[in-house]
Participant: 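Handing you a structure now.
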Number of protein chains: 2
Amino acid sequence: MASTSSLTLSQALFSREISRHGSASSSDRVPLSIPTFSALKSTKPPRLSGSAHRARPTHTPTRRQIVRAAVVETLGTAAETALVEKSINTIRFLAIDAVEKANSGHPGLPMGCAPMGHILYDEVMRYNPKNPYWFNRDRFILSAGHGCMLQYALLHLAGYDSVKEEDLKSFRQWESRTPGHPENFETPGVEVTTGPLGQGIANAVGLALAEKHLAARFNKPDSEIVDHYTYVILGDGCQMEGIANEACSLAGHWGLGKLIAFYDDNHISIDGDTEIAFTESVDTRFEGLGWHVIWVKNGNTGYDEIRAAIQEAKAVKDKPTMIKVTTTIGFGSPNKANSYSVHGSALGAKEVEATRSNLGWPYEPFHVPEDVQKHWSRHIPQGASFEAEWNAKFSEYEKKYKEEAAELKAIISGELPAGWEDALPKYTPESPGDATRNLSQQCLNALAKVLPGFLGGSADLASSNMTLLKMYGDFQKNTPEERNLRFGVREHAMGAICNGITLHSTGLIPYCATFFVFTDYMRAAMRISALSEAGVIYVMTHDSIGLGEDGPTHQPIEHLASFRAMPNILMFRPADGNETAGAYKVAVVNRKRPSILALSRQKLPQLPGTSIEGVEKGGYIISDNSSGNKPDVILIGTGSELEIAAKAGDELRKEGKAVRVVSFVSWELFDEQPDAYKESVLPEAVSARVSIEAASTFGWGKIVGSKGKAIGIDRFGASAPAGKIYKEFGITVEAVVAAARELS
Amino acid sequence: MASTSSLTLSQALFSREISRHGSASSSDRVPLSIPTFSALKSTKPPRLSGSAHRARPTHTPTRRQIVRAAVVETLGTAAETALVEKSINTIRFLAIDAVEKANSGHPGLPMGCAPMGHILYDEVMRYNPKNPYWFNRDRFILSAGHGCMLQYALLHLAGYDSVKEEDLKSFRQWESRTPGHPENFETPGVEVTTGPLGQGIANAVGLALAEKHLAARFNKPDSEIVDHYTYVILGDGCQMEGIANEACSLAGHWGLGKLIAFYDDNHISIDGDTEIAFTESVDTRFEGLGWHVIWVKNGNTGYDEIRAAIQEAKAVKDKPTMIKVTTTIGFGSPNKANSYSVHGSALGAKEVEATRSNLGWPYEPFHVPEDVQKHWSRHIPQGASFEAEWNAKFSEYEKKYKEEAAELKAIISGELPAGWEDALPKYTPESPGDATRNLSQQCLNALAKVLPGFLGGSADLASSNMTLLKMYGDFQKNTPEERNLRFGVREHAMGAICNGITLHSTGLIPYCATFFVFTDYMRAAMRISALSEAGVIYVMTHDSIGLGEDGPTHQPIEHLASFRAMPNILMFRPADGNETAGAYKVAVVNRKRPSILALSRQKLPQLPGTSIEGVEKGGYIISDNSSGNKPDVILIGTGSELEIAAKAGDELRKEGKAVRVVSFVSWELFDEQPDAYKESVLPEAVSARVSIEAASTFGWGKIVGSKGKAIGIDRFGASAPAGKIYKEFGITVEAVVAAARELS
């Protein structure tokens with residue numbers, strides 16, 4: 001563990017985090033500012049007699065709560081209210097102007113949600129604009145990602161370097177830092193990648209889970225070193241998505257009291273009034289899900305209502321809170337407000353003018369009035385002092401709790417303990433054969449011992465996926481320090497929650513599990529893992545017809561191909577113990593690239609020739625009796641079929657053939673190898689190639705070439721004992737031998 | 001329209017329906033029995049003073065309701081109750097014995113749900129065992145599909161030919177009609193394919209929607225020719241899945257009063273007590289969703305409670321009903337009941353014996369006691385008479401309402417009106433260019449005029465997907481005769497609901513729409529379309545980086561490949577008007593194979609050489625200046641990139657090259673062509689091949705061969721105007737020309 005001081009820790013993290021996938025040169029775009037620590041005193045003193053008029057907390061506030069509450073209630077006078085209004089209109093017009101300039105985007109949500117956005121970023125949230133990765137910051141997620149101009153405007157006002165005026169002016173343009181939906185890998189200050197509806201609220205559940213877990217593990221009676229809120233804005237669209245219900249059911253179950261979601265209840269979706277498709281009582285549903293529910297009836301101008309709701313939400317500590325905020329989409333636009341036409345299109349020059357006139361806005365496009373700018377300017381020093389305070393607190397903590405501090409540091413930084421990989425189990429051909437799902441459990445349990453941020457679970461299949469960490473209990477409402485997550489049958493939320501967990505802290509390494517075929521339920525979340533550089537480990541068992549009797553609904557066929565085609569995700573199909581361990585080794589190291597492990601239900605032998613090092617290359621030779629890189633035939637297998645390839649190789653060698661057997665455990669990793677290595681495994685001159693995989697042959701054409709043969713399954717599976725299906729489907733040694741004879 | 005008599009109509013349907021995909025010879029396995037019509041009188045007379053003790057309907061029952069209610073309340077005496085109990089235990093032991101023999105399966109649910117299963121199939125539902133496809137039957141869906149032995153036992157007792165004793169004995173075996181989860185294409189009497197949790201309840205919403213829609217269109221004051229219920233059993237697992245919430249929100253919104261769902265509330269899922277992950281109030285949530293909720297506290301022996309709940313559910317006509325039935329999983333097993341160990345494993349010989357003794361069951365495995373058999377035997381004549389009655393009613397209807405009867409017949413039989421395809425729009429190169437999403441709308445509206453069962457909609461993107469049928473209004477609670485479905489932002493439920501709609505009646509042809517990238521949200525439902533032979537048409541617009549500014553979260557990359565790898569689904573990427581029309585032609589004809597149309601947001605030209613006939617072959621030449629089937633180079637494109645390929649062809653021809661340009665609009669259809677045709681398009685001797693597609697190159701290796709070049713996008717997209725991204729990503733005429741020059 002590096003012994004950097006706690007002050008430089010977060011700075012180091014910042015400079016580490018701002019890399020951007022697909023672009024090596026972007027780190028120079030975000031200057032690394034060292035926070036100044038002199039401005040702490042600018043925080044205004046508590047004034048509990050503020051203007052909030054809704055229900056008060058029913059308990060005596062502690063010191064910390066008073067400090068937090070103060071931030072909520074600092075603005076009371078008429079002048080202050082006028083400035084708030086002006087700030088809110090600034091947000092609205094930044095959004096209007098940027099969408100107008102791009103002639104593309106969604107102005108409606110930012111116009112309607114500007115009040116809650118303002119209150120959150122200006123009055124409530126604790127963050128440091130000059131270090132968007134300060135560990136203890138409050139997290140904000142715009143689940144309704146199409147309204148991203150809201151967040152860009154807020155980041156701009158708050159002083160984030162990632163969103164300067166020129167960034168607003170290049171909204172939705174090539175290589176800008178203000179893409180069409182919020183992307184954490186493009187814009188520091190954006191926590192996760194949203195846009196596909198429902199993902200953000202589920203990510204937020206993951207972020208809040210991470211906070212609760214880390215707080216339970218690391219907080220001490222004398223030091224709440226982990227302590228932040230997670231705020232979300234979600235819209236009608238998010239509310240309709242099943243993933244949101246899954247995630248919110250878990251949030252209620254887990255009692256994530258520091259999760260506060262704002263539901264932008266504007267009654268408009270792209271197709272028009274929500275009356276046409278969405279008439280359920282969201283409030284009642286959320287009560288059923290175990291949330292505290294508050295309704296802010298006037299989200300357009302009821303600033304104090306919003307403030308009071310936040311206070312109330314914070315006072316409820318054992319439940320997440322949903323604040324339903326009734327707003328007018330496109331508020332301020334005289335002719336388009338409250339209609340779908342303002343949802344996803346620029347207002348148009350004429351309506352922009354009408355809105356300027358309606359809201360009394362005399363300024364040029366993109367202008368931030370001086371008093372607004374001045375008002376927001378305090379966030380830079382204030383943020384620096386939040387971080388400095390926390391750093392000082394961490395120094396104290398470190399002195400008293402050396403071990404915990406080191407562990408927390410590792411979780412924050414993502415630094416892996418030296419020699420961690422030695423913990424991975426090793427196998428020889430003499431080791432007992434086993435299903436790779438069981439071998440996977442050995443790896444999971446080995447890793448959990450050495451990786452402080454390793455945690456995870458299954459979507460109600462722990463005993464089939466073999467994913468329980470035996471030395472830990474269940475993460476539950478009252479045992480949040482534990483590491484076994486119980487997701488219930490909620491695959492989609494599971495994936496998105498894991499995205500949130502790992503994007504909370506680089507050293508949190510979540511794994512999650514279900515049957516491989518049910519990746520179909522969570523594919524949208526897995527794609528976001530890949531896109532947003534969230535290194536989730538997907539433990540996917542029952543990976544083929546080898547699962548047998550459950551039949552075609554449960555047997556994956558096209559799934560390997562479907563993930564091999566997905567960018568920035570590693571698809572592993574390990575064949576035995578060494579390959580399973582190798583897959584975990586690569587998966588753990590790849591914090592910015594998710595991994596999928598397809599694992600067998602059925603028992604497999606430990607094969608000679610497999611190795612962790614081989615897995616790291618993606619494709620490698622496990623046995624070969626040829627010389628001069630000129631085998632008569634190359635047999636290529638993955639996972640449970642590598643054994644078949646190996647046996648076929650033995651058969652063919654008995655006939656005197658020079659046979660190379662290749663494991664193709666991860667196509668992506670093989671693709672990344674130098675050409676010379678690739679040629680050493682699959683020499684261009686050898687066209688006699690046979691692949692075998694109990695799955696779709698789609699994609700194998702490129703590997704086996706025009707003259708080779710791909711043995712696989714291009715139909716749905718069947719319900720029967722596994723051995724019978726293998727035989728009937730021709731996934732056999734005989735088939736490989738016959739194909740090889742024909743080709744060589 | 002064929003003028004078969006109404007009596008032979010349903011019989012003809014039956015013989016048509018029993019084909020099985022992947023097996024041409026299976027129709028001989030289910031003998032076609034002609035119903036006998038003499039047994040109508042065996043129906044017992046109404047006895048409204050029956051034993052139900054729960055809330056009564058608050059309205060005066062009509063004659064039809066009395067008849068239905070009678071079926072519910074026929075069993076009252078002690079002897080009758082004993083027989084009911086015996087029948088229920090028969091169901092339990094058939095499940096126990098089958099799972100035991102297979103040593104695989106889920107006995108717990110059938111043991112717990114046997115009472116509701118018995119009451120449904122023996123007392124409540126109207127069906128004809130000898131014609132499982134009788135149109136007006138009540139539908140039953142086992143959403144908790146793992147408990148399929150419940151349904152197999154019930155079908156067996158009821159006299160379905162698909163589940164004889166030998167079928168029970170070959171449970172989960174190769175080529176049996178009793179696979180590990182219920183599959184409509186294997187087992188007549190099973191309506192849909194379930195197992196992946198949450199799908200079944202969503203299918204049921206589709207079935208109930210279909211009934212409500214057809215009833216509204218075809219019922220007359222003097223003839224309720226469409227009139228059935230849809231029953232579902234779902235478990236805790238289904239309840240946790242997001243898709244279930246999506247579908248149930250819509251069911252509430254649409255007021256599907258004839259949908260009655262039994263929630264098997266047994267508190268056990270695979271990982272143990274639901275306390276560990278599922279503590280929400282399901283009742284409250286369903287009230288929020290607009291359902292009527294009833295709680296049967298004793299689902300194990302409270303038969304009258306169950307009966308009364310069904311009566312109450314039927315009396316509530318404007319809302320779907322959820323009957324929460326608290327049961328004991330594995331009821332009757334002295335040592336395993338109420339535990340996860342009975343969920344998904346055979347009881348084991350010892351516990352089977354203990355259960356036999358506990359429930360006083362002296363019989364051999366698979367034995368149906370004579371009195372139970374005798375009791376159930378009435379369903380064959382009764383079912384025949386139900387159908388005969390309906391057929392007679394239909395004859396009357398046909399006399400009075402000739403046109404409607406013909407239309408309904410077409411919907412039931414799936415027969416397409418002669419010459420329907422002439423309605424498809426035709427285009428020439430001179431026709432104005434347009435986005436294929438707009439051309440798609442022309443097709444949809446043209447088809448809706450000629451196809452009586454054509455209906456569909458979008459997941460809140462109707463105005464972007466261009467899917468509104470202009471001559472129809474919205475299907476809503478009070479306008480169920482209309483054909484525009486408004487799914488809200490609920491992609492997953494949308495797909496599964498469409499599966500239900502088309503599996504209700506072959507002539508119902510549902511289409512559904514969203515952005516192509518959001519197939520990730522509904523992939524599990526789409527896979528069930530493919531597996532269960534549900535010919536849904538998926539209208540997927542915004543099919544590439546061509547959508548521009550919305551960025552990588554919205555830009556599909558791997559999606560074409562991912563569906564090309566999926567069995568039994570047609571993936572189309574049409575290039576212009578003719579190809580869009582061609583894709584619709586094939587999609588409409590393929591009632592047992594779903595189709596996906598990937599359509600552009602951006603405007604495309606009408607290309608010379610494209611044709612409907614070409615599309616029917618999957619891949620075809622659109623231009624060629626070579627002779628002797630020996631072009632210098634073959635350029636292959638799909639969709640929006642076919643234009644690029646065509647332009648590159650023109651360039652290269654100017655240089656004197658012999659260039660063939662091929663549209664590869666559907667890989668699956670091309671694969672099905674004879675070798676000679678394939679050779680005529682892609683001659684083996686020509687290795688200079690360049691493909692271009694704004695998507696992952698995964699899979700193209702097989703088409704372009706080892707020496708060809710695939711131009712595509714093997715990374716995530718970007719947020720910028722479309723033209724800019726195409727250029728930056730190298731999806732250009734120049735790139736194709738350069739590659740072709742290099743190869744030829």
Side-chain angles (χ1 to χ4, degrees), chain A residues 104 172-174 179-181 195-197 237 240-243 245-246 249 253 269-271 276-281 284-285 287-290 460 462 486 488-490 492 520-521 523-524 527 531 549-553 558 561-562 565-567 696 698-699 701-702 705-706 715-716 719-720 724, chain B residues 104 172-174 179-181 195-197 237 240-243 245-246 249 253 269-271 276-281 284-285 287-290 460 462 486 488-490 492 520-521 523-524 527 531 549-553 558 561-562 565-567 696 698-699 701-702 705-706 715-716 719-720 724:
Chain A
S104 173
R172 295 189 151 221
Q173 302 309 302
W174 179 254
H181 290 84
L197 294 173
M240 289 187 250
E241 291 285 8
I243 183 180
N245 193 72
E246 291 179 6
S249 178
H253 172 73
S269 66
I270 291 178
D271 276 355
I276 67 172
F278 188 49
T279 51
E280 65 175 58
S281 165
T284 306
R285 176 160 62 88
E287 277 157 16
L289 297 179
D460 196 47
R486 301 291 200 163
V489 192
R490 303 182 184 94
H492 200 176
D520 284 350
Y521 277 71
R523 196 170 165 91
R527 189 176 206 257
L531 176 63
E549 290 88 344
D550 274 345
T553 52
E558 69 279 17
S562 80
M566 188 182 278
S696 168
F698 194 85
K702 192 180 167 185
S706 314
R715 52 159 288 182
F716 285 113
S719 173
K724 178 72 177 168
Chain B
S104 172
R172 294 190 151 220
Q173 302 309 303
W174 179 254
H181 291 84
L197 295 173
M240 288 188 250
E241 290 284 7
I243 182 179
N245 192 72
E246 292 179 5
S249 178
H253 172 74
S269 66
I270 290 177
D271 276 354
I276 69 171
F278 188 48
T279 50
E280 65 174 58
S281 165
T284 306
R285 176 160 61 89
E287 276 157 18
L289 297 179
D460 196 47
R486 301 290 200 164
V489 192
R490 303 181 184 92
H492 200 176
D520 284 349
Y521 277 71
R523 197 170 164 91
R527 190 176 205 257
L531 176 62
E549 290 87 344
D550 274 345
T553 52
E558 68 279 17
S562 80
M566 188 182 278
S696 168
F698 194 85
K702 193 181 168 187
S706 314
R715 52 160 287 183
F716 284 113
S719 173
K724 177 72 177 168

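What's counted below: heavy atoms across the whole structure, side chains too, no hydrogens, waters or symmetry copies. We name chains A, B, ... by the order of the sequence lines, and we start the count at 1 in each one.
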Participant: Is there a donor-acceptor pair closer than 3.5 Å between any side-chain N or O of E549(A) and the backbone N or O of R172(B)?
Facilitator: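 Not at all, since once roles are kept as given, no pair shorter than 3.5 Å links the two residues.
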
Participant: Who among P196(A), A462(A), G705(A), S562(A) has the most heavy-atom pairs with chain B under 4.5 Å?
Facilitator: P196(A)

Participant: Would you mind checking which part of S104(B) comes under 4.5 Å of any heavy atom in chain A, side chain (CB onward), backbone (N, CA, C, O), both or neither?
Facilitator: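 Contact with chain A: side chain only.
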
Participant: Whether the side chain of S719(A) engages the backbone of G180(B) through a donor-acceptor N/O pair (distance < 3.5 Å, no angle test) should be reported.
Facilitator: yes

Participant: Measure the CD-CG distance between E241(B) and N245(A) for me, rounded to the nearest 0.5 Å.
Facilitator: 11.0 Å

Participant: Under a 4.5 Å heavy-atom cutoff, which of T279(A), D271(A), T284(A) has the most pairs with chain B?
Facilitator: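 Most pairs with chain B among the choices: D271(A).
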
Participant: Is T553(B) in contact with chain A via its backbone, its side chain, both, or neither, using a 4.5 Å heavy-atom distance?
Facilitator: both

Participant: Do you know the tightest heavy-atom contact between S269(B) and D460(A)?
Facilitator: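 Looking at all heavy atoms of both residues, the shortest contact is OG-OD1, 2.7 Å.
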
Participant: Identify which part of S249(A) has an atom lying under 4.5 Å from any heavy atom of chain B, answering side chain, backbone, both or neither.
Facilitator: both

Participant: Step by step, would you call H253(A) with E280(B) a side chain to side chain contact (heavy atoms under 4.5 Å, CB included)?
Facilitator: CA-CA 7 Å; H253(A) 172 73; E280(B) 65 174 58; over 6 Å; no

Participant: Walk me through whether R527(B) and E558(A) qualify under side chain to side chain contact (heavy atoms under 4.5 Å, CB included).
Facilitator: CA-CA 10 Å; R527(B) 190 176 205 257; E558(A) 69 279 17; 2.7 Å; yes

Participant: Considering only heavy atoms and a distance below 4.5 Å, find which of R486(A), Q173(A), K702(A), M240(A) pairs most often with chain B.
Facilitator: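 It is M240(A).
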
Participant: Which of the residues S706(B), G699(B), A524(B) is involved in the greatest number of heavy-atom pairs with chain A at under 4.5 angstrom?
Facilitator: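 Heavy-atom pairs under 4.5 Å are most numerous for A524(B).
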
Participant: Heavy atoms only: give me the nearest A277(A)-G488(B) pair and the separation to one decimal.
Facilitator: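 Nearest heavy atoms, A277(A) then G488(B): CB-N, 3.6 Å.
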
Participant: Below 30° counts as parallel, above 60° as perpendicular, anything between as tilted: where do the rings of H492(A) and Y521(B) land?
Facilitator: perpendicular

Participant: Using a 4.5 angstrom heavy-atom cutoff, name the option from A565(A), S281(A), G701(A) with the most pairs to chain B.
Facilitator: A565(A)

Participant: Tell me the closest heavy-atom pair linking P552(B) and L531(A), and the distance in Å.
Facilitator: CB-CD1, 3.8 Å

Participant: In Å and rounded to the nearest 0.5 Å, what is the CD1 to CD1 distance from I243(B) to I243(A)?
Facilitator: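 The CD1 atom of I243(B) sits 13.5 Å away from the CD1 atom of I243(A).
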
